[in-house]
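Start at 1 and go down the list; that is how both ligands and their atoms are numbered. Computed from a predicted model, the values in this text were never measured in an experiment. All values below come from the heavy atoms of this structure, side chains included, with hydrogens, waters and symmetry mates left out.
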Amino acid sequence: MKIALSEPNLGEREKEAVRKVLQSGDLKGGGKYDEKCATLIEEQFDATRALMTTSCTHSLEMAALLTDIQPGDEVILPSFTFPSTANAFALYGANLKFCDINRDTLNMDVEMVQELASEKTKAIVTVHYGGIACDMESILKIAEANDALVIEDAAQGVNAKYRGEYLGTIGDIGCFSFHETKSYAAGEGGAVILNDEEYIERAEYIRQKGTNYSKFQRGEVDKYTWVSLGSSYTPSEMQSALAYEQLRKKDKIKSRRISNWNHYLEELSSSPVNRYLRLPEVPDDREPNGHLFWVVVEGTNTRNELVTHLRDHGIGAASHYEPLHSSRMGQEFGYTSGDLPVTENVANSLLRLPVHEGLTRDELNFVIDTISKFEFEES
Ligand SMILES: *Cc1c(COP(=O)(O)O)cnc(C)c1O
């Protein structure tokens, strides 16, 4: 058996949409699918305004530009995340304040966010790990008390909710990813969600190379010029066509992922190996999207051996993030190993199991069975 950790599920509609783009000859960004997909996102997630981007990395960079991050501004973010969450703000000279995570949700520890927040805080960046929402109420309160903005890195949180609201639409700006490894795959791609009207005009300029090209396209100006700082964050029509077709079936994809996710949780909870595993728990006020299923075991050796054991059986299990704070770049911000114990412990002992929508019950049961056959050492 060969079971990949992640696999995009592209159907006939995706292929037909890309074929249509190729036939039209209109491949560049800012075309028909660009606006169609942005409008779909606005409708599906009840967002004020969405703009398609080339990646979540670039959505985060747009957020840094939009919020006018200046050298020395403090930005609070988790260490347990992908480097893009940090880079976007470090590129503009932000002083990064790494926050530890809560051991149950693997999201930012809000007590530590509270300790780190001050009048120097310009933004708090929330990462909704595995598509389970952060404690947004507490984070929004801390942000408000310190006059800071909230930027949601919802790369993994597309189509998940917190108290009935979609992730990415709760803070000031939200960032989505449509990378091939994410739940809604366009190869590369993303979207930036603007939850405040004041960002919309500048976001259009920033995305289109610092020009008012979007206004020109709409016939609002008769030529376009350089009006703002900016870059090239517009995806090609092929990417937007893929994202559009994936999002059109967002609830079908989500329900299959959730069903796989629940199957792991139920079967592993009731299995005799349960005593060697720590499994995710979803707080009542969060609706997950089944993006990722994690298991925490006792210690790095056990984790590495279990990953190898699963791979030997053709299962694409994998560890996840190396903490940012203790990385080479993290050390430049004054951090070192030992500073964020929960992050370090989780990073050393977590593994991810395949949960993508294409998996069959038999494949899921094979993964569970293979874990059951692993010889855990008594601690
Ligand atoms: C995948 C991911 C990113 C980067 O997304 P891209 O679209 O590949 O740039 C950023 N943050 C988190 C939390 C991610 O999981």
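Below 3.5 Å of separation, one finds an N or O of D153 facing an N or O of ligand 1. At least one N or O atom of C56 sits closer than 3.5 Å to an N or O atom of ligand 1. For ligand 1, one of its N or O atoms has an N or O atom of Q156 under 3.5 Å away. The shortest N/O to N/O separation between S84 and ligand 1 does not fall below 3.5 Å.
Two rings, from Y184 and F176, have their centers 6.0 Å or more apart. Under the 6.0 Å cut-off for aromatic ring centres, Y129 and H320 qualify, their centroids lying closer than that. Checked against a 6.0 Å centroid threshold, the rings of F293 and Y264 count as neighbours.
Within the set E180, K182, E61, H128, the minimum heavy-atom distance to atom 1 (C) of ligand 1 is found for K182.
Close approach of ligand 1 to T57 is summarised as follows: ligand atoms under 4.0 Å from at least one heavy atom of the residue are 4 (C), 6 (P), 9 (O). Close contacts between ligand 1 and G189 involve ligand atoms 7 (O) [criterion: under 4.0 Å to a heavy atom]. Close approach of ligand 1 to V127 is summarised as follows: ligand atoms under 4.0 Å from at least one heavy atom of the residue are 13 (C).
Of the N and O atoms on the side chains of E152 and H128, at least one donor lies less than 3.5 Å from an acceptor on the other residue. A donor-acceptor pair shorter than 3.5 Å cannot be found between the side chains of R103 and T343.
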* Could you walk me through whether R163 and E137 pass salt bridge (charged side-chain N to carboxylate O under 4.0 Å, His left out), step by step? => CA-CA 10 Å; R163 299 193 182 162; E137 185 184 10; 2.7 Å; yes
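Taking the charged nitrogens against the carboxylate oxygens, K36 and E43 have no contact shorter than 4.0 Å, which rules out a salt bridge. Between E14 and K249 there is a salt bridge, since a side-chain N of the basic residue sits under 4.0 Å from a carboxylate O of the acidic one. Salt bridge status for E298 with R275: absent, with no side-chain N to carboxylate O gap under 4.0 Å. A salt bridge between R328 and E322 is absent, with no side-chain N of the basic residue lying under 4.0 Å from a carboxylate O of the acidic one.
The proximity of S55 to ligand 1, defined as any non-hydrogen pair under 4.0 Å, involves the side chain as well as the backbone. Contacts of T81 with ligand 1, taken as heavy-atom pairs under 4.0 Å, involve the side chain alone. Of the heavy atoms in Y321, only side-chain atoms (C-beta onward) come closer than 4.0 Å to ligand 1. Of all the heavy atoms of H58, none lies under 4.0 Å from any atom of ligand 1, so neither backbone nor side chain is involved.
For atom 14 (C) of ligand 1, the closest non-hydrogen atom of the protein is A155 CB, 3.4 Å. Here the protein heavy atom with the shortest distance to atom 8 (O) of ligand 1 is H179 CD2, 3.6 Å.
Under a 4.0 Å heavy-atom criterion, S59 is not in contact with ligand 1.
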